[in-house]
There are 2 protein chains.
Amino acid sequence: MADPQTSRARDVVIAGRRVLEQDGPDALTMRRVAGELGIRAPSLYKHVPHKSALETAIIVDGFEEAAAAFEAAVEGEDDHLAAFVVAYRAFATAHPHVYRLMTQGPLPREHLPPGLEARTAAPLLHAMGSAPRARAAWAFIHGMKVLELDARFPADDSTEPAWREGIAALRALSQPSDRPGHLRRTTPSSPGD
Amino acid sequence: MADPQTSRARDVVIAGRRVLEQDGPDALTMRRVAGELGIRAPSLYKHVPHKSALETAIIVDGFEEAAAAFEAAVEGEDDHLAAFVVAYRAFATAHPHVYRLMTQGPLPREHLPPGLEARTAAPLLHAMGSAPRARAAWAFIHGMKVLELDARFPADDSTEPAWREGIAALRALSQPSDRPGHLRRTTPSSPGD
DNA sequence: GTCTATAGTGGGATAGAC
DNA sequence: GTCTATCCCACTATAGAC
């Protein structure tokens, strides 16, 4: 991937993402991506060293988008957790295949721009106030989303009650118990506010 | 798969599972499974209609094992949630590739023995007291486990604090606040004690 | 030098004839 | 059970066009 910013490499990544988003991971083949660009599969290797580099580039784009979306969602809100969850769900729902590629399997951290992963996680870390709480929150949110995407809950009823229960539980984590009416605005504030 | 109980079909499934557990999903090829049995790949098709049927059979075996393990773990314990989490983590840790196959991607429900999915979920449903709470709990537990398996949390520190935070939050869900310790202990405790 | 093509390797799932 | 054959895949080597 000579110059990922301009040139042809960029086109390859964009075509790859389009294929992935539209037709899913099985459709993401070098032949198919090449076809989108009107060239042959082997020609792609002049721009991208191998298929997994193409996938990594799609992942990086996804993280950059997600990070920006999460930052924007949280800004100016007083209920950071709720705002984050809404934005997270929206991103995963809008780009399910990209979301899965981003979150499933090992992360090629060596090939990610430094700080990108942390930047993406920052809004949730801030909302939850500590790394262990943020991890627990991420596990819940990711678990819900991924089980939802895979239709792992019985299809006939809504998952909203489960989201509500889980979010309520997470909120209790960041708010010591004996605090009554804790809804959006009375929050005891997370450490960073 | 003529007679999954006896016959050769059973051998195929067992060989498939062995390959999957030992060398992961990429190693689970028809050639490799055939090799384990000392035959050629096309011969497998006398016993298994296609590869995905083999995968489904491995999934079914996994669910049956998991259901039995969860039932046994919970029996006689008064802290059902803690006991379930311990057993769930143990199963996923012992069989990571099978666990992923079981939980990732769509479930071929039409080919599962009726009631098996519900049976597997029953101990957690019982521990949490309602379907939405059980779903929230499953999302957290599955999310934690899968992120852990994929090394998605920074590798340098333990995930135990996150497990503890999440379990504490779940416990609060099933114990309305002003209800003093109706379990063994009132403190949010780690899954292992 | 840059972008492409053809041709070929080796590995997959799977159908069909024996 | 076998073998052959088809088709899809990632990837490589090499070489021609601009």
Side-chain angles (χ1 to χ4, degrees), chain A residues 1-60 97-98 100-101 104-106 108 110-111, chain B residues 1-60 97-98 100-101 104-106 108 110-111:
Chain A
M1 222 148 17
D3 181 359
Q5 293 315 309
T6 51
S7 79
R8 229 49 223 285
R10 204 58 219 153
D11 298 344
V12 172
V13 175
I14 289 170
R17 174 161 176 179
R18 188 171 56 238
V19 169
L20 175 64
E21 298 226 14
Q22 284 176 5
D23 297 340
D26 289 352
L28 186 63
T29 70
M30 297 303 263
R31 274 148 130 92
R32 171 70 189 280
V33 172
E36 295 278 316
L37 296 170
I39 63 179
R40 307 287 170 171
S43 307
L44 291 177
Y45 291 86
K46 298 296 171 179
H47 309 292
V48 159
H50 37 249
K51 192 190 178 186
S52 81
L54 168 56
E55 291 172 338
T56 298
I58 296 175
I59 289 172
V60 169
H97 297 301
V98 173
R100 266 189 271 246
L101 186 64
Q104 256 159 19
E110 335 76 72
H111 300 109
Chain B
M1 224 149 16
D3 180 358
Q5 293 314 310
T6 52
S7 80
R8 230 48 220 291
R10 203 58 217 153
D11 297 345
V12 173
V13 176
I14 290 170
R17 174 160 176 178
R18 188 171 57 240
V19 170
L20 175 64
E21 298 224 13
Q22 285 176 6
D23 297 338
D26 289 353
L28 185 62
T29 70
M30 296 304 261
R31 273 149 128 94
R32 172 72 188 281
V33 173
E36 295 277 317
L37 296 169
I39 62 179
R40 308 288 171 165
S43 307
L44 290 177
Y45 291 84
K46 301 295 173 179
H47 306 109
V48 159
H50 37 250
K51 192 191 177 187
S52 82
L54 167 57
E55 291 172 339
T56 299
I58 296 174
I59 290 172
V60 168
H97 297 302
V98 173
R100 265 189 271 246
L101 186 63
Q104 256 159 20
E110 334 77 71
H111 301 109

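Note: hydrogens, waters and symmetry copies are ignored here, and every other heavy atom, side chains too, is used. All chains are named by letter (A, B, ...) in the order of the sequence lines, taking the proteins before the strands, and each is independently numbered beginning at 1.
Of all heavy-atom pairs spanning B/L101 and B/I59, the tightest one is O-CD1, 3.6 Å. Residues B/L28 and B/G16 come closest through the heavy atom pair CD1-O, 3.4 Å.
A/R40 places its CZ atom 17 Å from the C1' atom of D/dC11, with the value rounded to the nearest Å. Distance CG (B/L44) to P (D/dC3): 13 Å, rounded to an integer number of Å. The NE2 atom of A/H47 sits 16 Å away from the C1' atom of D/dC11 (whole-angstrom rounding).
Remark: side-chain polar atoms of A/T56 are paired, donor with acceptor, to backbone N or O of A/S52 under 3.5 angstrom.
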Strictly under 4.0 angstrom, non-hydrogen atoms only: write out the protein contact profile of nucleotides 12-18 of chain C, one letter per nucleotide from the 5' end, B, S or -. BSBB---
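Pairs of residues two or more places apart, or lying in two chains, that qualify as side chain to side chain donor-acceptor pair (under 3.5 Å) and include a residue from residues 25-38 of chain B are B/R18-B/E36, B/D23-B/R32, B/R32-B/E36.
In this structure A/Q104 satisfies the side chain to side chain contact (heavy atoms under 4.5 Å, CB included) test together with A/R100, A/V146, B/Q104, sequence neighbours excluded. Contacts of A/Q22 classified as side-chain hydrogen bond (donor to acceptor under 3.5 Å, both in side chains), with partners at least two apart in sequence or in another chain: none.
Between A/S43 and C/dA5, a side-chain N or O to OP1/OP2 separation shorter than 4.0 Å is present.
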